[in-house]
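Basis for what follows: all heavy atoms, side chains included, without hydrogens, waters or symmetry-related copies. In what follows, chains carry the letters A, B, and so on, assigned in the order in which the sequence lines appear, proteins first and then strands, with residues in each chain numbered from 1.
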Amino acid sequence: MTSRLSEALHGLADGVPAATVPEELFDRARARHRHRRAATAGALAVLVLLLGAGYALRPAPIRWPSAAGSTAPGLPTRLVDPPLRTATVAQSAPGAAAMLFGGPAVRDNWNETRMGVVAADVDRYRVLTPSESQTAGFGALLSPNGRYVWAGGLLYDLTSGRSAPAGTDGYPLAFAPNGKRLAYADHDTFTSPNTYATPYVGLYDRDRRADVLRVRVGTAWVPPGQAAVSPDGTELAVQVRDEVWLTRVADADPDGTATPYRKLPLNGGRLPGAGSWLPDGRTMATLTRSTCTDCPVPSYPRTWRLETRDVANAAVVPGPAFPDVRSATYVHLVGWRSADEAVALIGVPGPTAVDRPDTHDIATSPYQEHGTTAVQLVLLRRGATSPEVLLRTPAGITEMTVAADLAIHGTIRESGRPDFGPPPMWLIAAGAILTAIAGAALHSLLQYLRRNRRPRSQRP
Amino acid sequence: MSGDAARAGFVEFVRAESAGLTRFAYLLTGDRHHAEDLVQVALARVAVRWERLDEPGAYVRRVLYTQAASWWRWRRARPPEQLDGFVPDRPAGLGDDADLRVVLQAALARLTVRQRAVLVLRYYEDRTETETADLLGCRVGTVKSQTRHALGRLRTLAPELAELIGRAPQEVTR
């Protein structure tokens with residue numbers, strides 16, 4: 001029975017001709033095997049090199065200098081554009097920062113959200129890349145002590161490199177001077193064709209992890225930079241159209257909402273940012289707007305003058321005038337050294353900047369305006385004829401905010417050699433690929449030389 | 001063993017075995033070109049290990065079996081199937097050897113590679129169950145069960161091959 005199956009299988013297969021086996025199969029198979037073994041060994045060597053290099057260059061926690069050898073924190077006298085290889089905050093934490101900055105020199109088409117951070121103690125530069133593009137000083141804020149960056153709904157801890165949700169739902173307006181409370185605006189609502197509105201402005205307490213105050217704004221739009229928290233963190237000032245609304249945490253209903261206890265008229269002026277409250281907590285700074293005739297930038301005649309008002313009766317505090325800030329796209333107060341000296345950031349317009357009237361919420365400052373080419377840190381002193389420029393950003397860095405504690409105390413240190421941190425992974429990978437290519441080229445060259453050195457009669 | 005001696009031994013082995021290996025591969029795959037590829041690949045492996053092989057014939061058959069069983073080769077060699085609603089006509093009986101070959105080849109193609117390998121080694125190369133188990137790297141019991149399953153499946157797939165492979169075992173009542 002099975003012999004029939006054997007016969008049938010032979011009948012099926014016996015007619016099949018033998019496979020053609022090349023005469024050089026033996027040598028060719030062995031040569032291919034040798035090449036594969038060499039390639040595998042090379043790949044393993046590259047892998048080991050890569051792993052070794054990656055281990056050696058892994059982001060390591062920074063060893064902070066000891067107290068005796070540490071550099072005193074301060075604002076650096078010079079700011080540089082961080083190169084592409086600069087490490088991120090997550091890879092290598094810079095420590096408490098002196099400045100957060102951005103602009104065309106920091107961003108490019110591939111890194112649209114990139115911002116730079118420089119540490120307070122030494123020139124340790126790192127970069128931040130939030131998920132959405134933010135303007136340093138407006139949508140991205142540095143806490144007064146320089147430890148945190150608040151951007152895109154996240155708080156980046158610059159001493160650890162970690163980030164966590166800020167706890168607020170909206171965009172940043174201001175840090176409280178002690179950094180414990182965050183003023184924010186709820187997400188805009190849009191009504192066609194061009195009307196934006198902020199439902200409410202909130203004050204979030206980081207210790208309680210809850211809002212301690214909410215102010216219903218109504219139909220106005222509150223852009224970044226138009227709020228300030230009082231020095232003790234219990235009052236909130238918000239510019240709503242042409243008024244400053246003052247609200248107390250103590251007045252809040254059980255649901256957290258409160259109505260303003262006072263509204264200061266601005267008469268076309270501005271609330272000058274997070275540092276608007278004077279240290280006494282009873283006086284508030286406002287800006288009046290006018291035009292100059294002998295402006296530094298003739299095409300941009302917008303001029304700002306600082307005034308201080310008593311929040312009890314909105315009366316202007318008497319005294320010598322602050323100097324006019326001429327041709328400035330915006331003025332942001334960082335804080336006060338005394339009742340007569342304010343530290344501010346001002347936007348310097350370029351030739352393309354246009355001085356537009358405040359007739360439309362969206363088109364107005366203090367949102368960083370198109371055409372701002374630099375930011376200056378200035379000291380505004382009563383009785384002075386002009387602002388004292390403390391620092392100016394270099395070309396290409398058009399957005400900046402500073403750690404208020406350092407700026408207020410005027411702590412400025414000499415810039416040193418910049419440190420851009422450990423190389424990023426893409427740079428290590430590119431180096432490894434180049435090394436591998438060079439190794440392969442060298443291997444090919446050696447093989448070529450070896451082949452040519454062998455007598456022709458012995459070549460395969 | 002010097003290189004020249006190894007090369008000469010390998011050439012002699014190829015000369016002696018290539019025909020049988022090709023037929024073995026053909027019965028495993030059912031395709032002449034695929035069988036030729038398999039034989040060349042298997043012989044290349046033998047060439048690399050020639051000095052270390054005690055039984056190159058057994059080794060090369062093992063390689064042929066594993067390569068035929070490997071998924072990607074199976075996938076690459078398998079012709080695309082097109083299904084339609086018609087059941088192909090079967091010859092009522094096996095009129096001649098050509099009909100027998102066609103039916104047997106179609107039925108073998110429906111077996112697993114292991115079942116085909118067992119049948120080929122047992123009934124084409126007349127290997128014992130022990131030798132087959134050694135060649136395939138499995139137990140003798142596995143060879144027995146695979147043989148039984150293969151024959152049973154052939155009976156199911158092609159009843160007209162009954163005279164080749166015998167009737168199904170009958171139940172015995174005690």
Against chain A, label [X] side chain, backbone, both or neither, depending on which of its atoms sit under 4.5 Å from a heavy atom there.
{"X": "B/Val11", "value": "neither"}
{"X": "B/Leu21", "value": "neither"}
{"X": "B/Tyr26", "value": "side chain"}
{"X": "B/Leu27", "value": "side chain"}

Any side-chain heavy-atom pair from [X] and [Y] closer than 4.5 angstrom?
{"X": "B/Leu154", "Y": "B/Leu119", "answer": "yes"}
{"X": "B/Val39", "Y": "B/Phe24", "answer": "no"}
{"X": "A/Leu12", "Y": "B/Tyr124", "answer": "no"}

Residue pair B/Glu17, B/Leu43: steps toward the side-chain contact (heavy atoms from CB on, under 4.5 Å) verdict: CA-CA 10 Å; B/Glu17 294 281 344; B/Leu43 288 176; over 6 Å; no
